[in-house]
Amino acid sequence: MKAIRRFTVRPVLPDALKPLSDLARNLRWSWQAETRDLFRSVDPERWAAAGGDPVRLLGSVPSARLAELAGDRRFLRRLSAAADDLADYTSGDRWYQSQERSAELPAAIAYFSPEFGITAALPQYSGGLGILAGDHLKAASDLGVPLIGVGLLYRHGYFRQSLSRDGWQQEHYPVLDPHELALAPLTEEDGTPCHVTLALPGGRRLTARIWLARVGRIPLLLLDSDVEENDLGERDVTDRLYGGGSEHRLLQEMLLGIGGVRAVRTYCRLTGHPAPEVFHTNEGHAGFLGLERIAELSDAGLDFDAALEAVRAGTVFTTHTPVPAGIDRFDRELVARHFGPDAELPGIDVHRILHLGMESYAGGEPNLFNMAVMGLRLGQRANGVSLLHGHVSREMFSGLWPGFDAEEVPITSVTNGVHAPTWVAPEVVRLGARQIGAQRAEDAMTVGGSDRWDSVADIADQDIWELRRVLREKLVLEVRTRLRASWRQRGAGTAELGWIDDVLDPDVLTIGFARRVPSYKRLTLMLRDRDRLMELLLHPERPVQIVVAGKAHPADDGGKRLIQELVRFADDPRVRHRIVFLPDYGMAMAQKLYPGCDVWLNNPLRPLEACGTSGMKAALNGCLNLSVLDGWWDEWYQPDFGWAIPTADGAATDDDRRDELEAAALYDLLEHRVAPRFYERGRGGLPDRWIQMVRQTLTHLGPKVLAGRMVREYVERLYAPAARAHRALTPEAARELAAWKARVRGAWSRVTVEHVETSSAADRADRAELGASLGVRVRVGLGELAPDDVEVQVVSGRVDAEDRIADASVVPLKPAGGGEEGRWVYEGPLSLDRAGPFGYTVRILPSHPLLASPTELGLLAVPPEGAGEGAGVLMR
Ligand SMILES: *Cc1c(COP(=O)(O)O)cnc(C)c1O
């Protein structure tokens, strides 16, 4: 029979066990093995049935067992130790508080993301972007960085995946009841739940309640539109992650950005938490947060332009996509309808809003509103997520800075990292702790530091190899369990499934490949030559076995076809003991998968993997990477500890040919390099060279791939400067800066480089000598601007065949007189510091102490084309 109504009856814990409730409601348990062990010992069977979720566990334990534990002195001692540890963790000083100038660091940072992957028990993520956000919060917590997370609570999260008999992806959307998750409603002092409300066109309203999750020290606010105050349509706004059409997405993003800022204000008012000085948006989806803050400042009396300056100063925008197709864009009309007098932010002129998202560059779509473009206009600081992706992003957005070389586009990069305490298997942590002590092992995983990781070099070969065997065997057992469940689900009876007992072998080289299934990740590249793959799997002495997993977006039939191809191959009785596809890839599976694999395979189409993080998690467990040189691997790969699959990118090769070449390279590597190294044995009977690569993976990559390293970089390179800029922009300073920008933009057409000359004749000769120095003298016209408003620079360096300057060095020139009718003379030295073809040019940029970069305004004056000697002089 079906219930007509459901609600949640909360367990009543005996007083002595009350601390269990706090421990269950702080998600720190998800990266703290001791606390999980404590919960497991409450009731091991129910713990397993609850999928390792403490809230569900406590909801299912019978009162008799609770009464028994309340009298168990040993259990109570462990409980009080765990509770004390959590209290110390959440209140004591950590890395952030011990920084020399900690008072100058931001008092708080609000971190917005459309998804957060913290634990499988709070399934509010689809893949890398969300898990990165979860790792960011956890690392911030470990370091004591005062972050407030902001996101949406999706009633169905992302979908759960299963397979049909013939291998077609099936999607399920289980309902998540917030009362059964580690969430508490944010309430006013009198206990009434807090809400945020948005005005929608046609007099409709969108209301959301605010749930609070605790992620160690970090509060995470999640907005949920499934409330009675809403009409049916509005209740569904937070139904699914990345579901629905364009208007649905727009409403989600308005709720996240605008509602999110309102939720942060409510949270700070109720708790006394300091107001954020920096707002960080993880990808463009939350970009509307900048508009809400402009509206706040407008209410406080600033005009739009001054408010824009103040907001930009304290905003950080992280882009995650390397292709224009990956960017969120809305119909301009749709956006126009949702803002303005009878909708949201009535105080802001809609045209100003539309302009912020306008693709105002060559090839831009005039009718689309681009969230990344708005992100760049609303954030003074922006970054990509690996060195290579920073480069790709600067190219991709260079249209917004016309006239500048892509390398000067003000987008930097911070390479992603992963939260080691979440992703390192307990067995690996224990071995590390045995080597250097528990505290240092924990510090190595959170704060980092290569000295702590260097001690891995002293761990005995035997210990490393035994650990690898243990982890591989655990994975084999896990795979069999999951595969059996999947086949049952696909309709097989027990009698048909005896073969599953022999699936995978704990002594065979194990390769993992698991990720979402967009086409650029090339799930089926390994199937390119099936005979060749089969030979590798069934090799008599050096076989390999492969574990594959991944979800295709529900609307992506192409991706589902790839999954089906792979499943059908893996169903073949000739190879099914050596290759498996596991449905429902998620954090719980991932935590078992990375440690158990020997090799982590990644074969995206370069450079479409912005960073990639699964290989980092694998590396932290001593799994070796075999990957295309893309994302983070392009940055940190060394042949001492992994393999690079050569890429056949270049205009001459079409996609099909490229797949063929890269697949062949992959098979060759596996056959001739990877497998022989795994199976060769040294004198002591161990694969010495393999073990050495495991060790190098840990010592070289361990300290780099950490989310702690990433968050420290965000603090030092982005949050701290953004907080300083934010503080400098008092209302007067913001007005002054806005007025200055308007004046400079208005006067720029009259800024010109009129004449350039050098004091020596050397540049007119065919040769100039390395180490010589020339005097450069430039006459410029500044129109109504003064020398204080600009910087005149000489840019020099090696030149290519088209006279383009590479690796330019930029030296400012000094004013040396003039001033009549806006004409000024500038002078300075130019040193010939590079041998070979050399060239220089002169340019003028706006200059103001409150600009983060002189390229910020996108204004530039260079010598006119064909101005002879003045137009960039070349020496060969
Ligand atoms: C780490 C992780 C990802 C991201 O992996 P990529 O290598 O960036 O594709 C996706 N899903 C899960 C469950 C993960 O743990």
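In this text the structure is predicted, and so the values were computed from the model without any measurement. Remember, it's 1-based here, ligands and their atoms both numbered in the order they're listed.
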Query raised in the report: Tell me, which protein residue and heavy-atom name are nearest atom 10 (C) of ligand 1, and how many Å apart are they?
Result: Gly128 N, 3.7 Å
Query raised in the report: On the ring face of Tyr158, is Arg240 found with NZ or CZ under 6.0 Å from the centre and within 45° of the axis?
Result: no
Report task. Decide, yes or no, whether a salt bridge links Asp239 with Arg155 under the criterion of side-chain N to carboxylate O below 4.0 Å. Result -> no
Report summary line: Per-atom filter on ligand 1: closer than 4.0 angstrom to a heavy atom of Gly612 are 7 (O), 8 (O)
Query - Identity and separation of the nearest protein heavy atom to atom 9 (O) of ligand 1 - result: Lys521 NZ, 2.6 Å
Requested in this report: Using the six-membered ring of Phe513, assess whether NZ or CZ of Arg515 lies under 6.0 Å from its centre and within 45 degrees of the ring axis.
Outcome: yes
Query raised in the report: Atoms of ligand 1 less than 4.0 Å from Trp423 heavy atoms?
Result: 15 (O)
**Report entry** Ligand-residue contact atoms, ligand 1 with Ala590, heavy atoms, under 4.0 Å
**Finding:** 15 (O)
Query raised in the report: So, is the end of the Arg484 side chain (NZ or CZ) under 6.0 Å from the ring centre of Trp487 and within 45° of the ring's axis?
Result: no
Report summary line: Checking Val414, Asn416, Leu129, Thr613 against Val385 for side chain to side chain contact (heavy atoms under 4.5 Å, CB included), the one that qualifies is Asn416
Report task. Go through ligand 1 atom by atom and flag the ones less than 4.0 Å from a non-hydrogen atom of Gly586. Result -> 13 (C)
Report task. For atom 12 (C) of ligand 1, find the nearest protein heavy atom and state the residue, atom name and distance (0.1 Å precision). Result -> Ile131 CD1, 3.2 Å
**Report entry** Atoms of ligand 1, numbered as shown, that sit under 4.0 Å from any heavy atom of Lys617
**Finding:** 1 (C), 2 (C), 3 (C), 14 (C), 15 (O)
Query raised in the report: Any Lys/Arg nitrogen of Asp656 or Arg528 sitting under 4.0 Å from an Asp/Glu carboxylate oxygen of the other?
Result: yes
Report summary line: heavy-atom search around atom 7 (O) of ligand 1 in the protein gives Ser614 OG, 2.4 Å
**Report entry** Protein contact of atom 11 (N) of ligand 1 - nearest heavy atom, named by residue and atom, plus distance
**Finding:** Tyr585 CE2, 3.3 Å
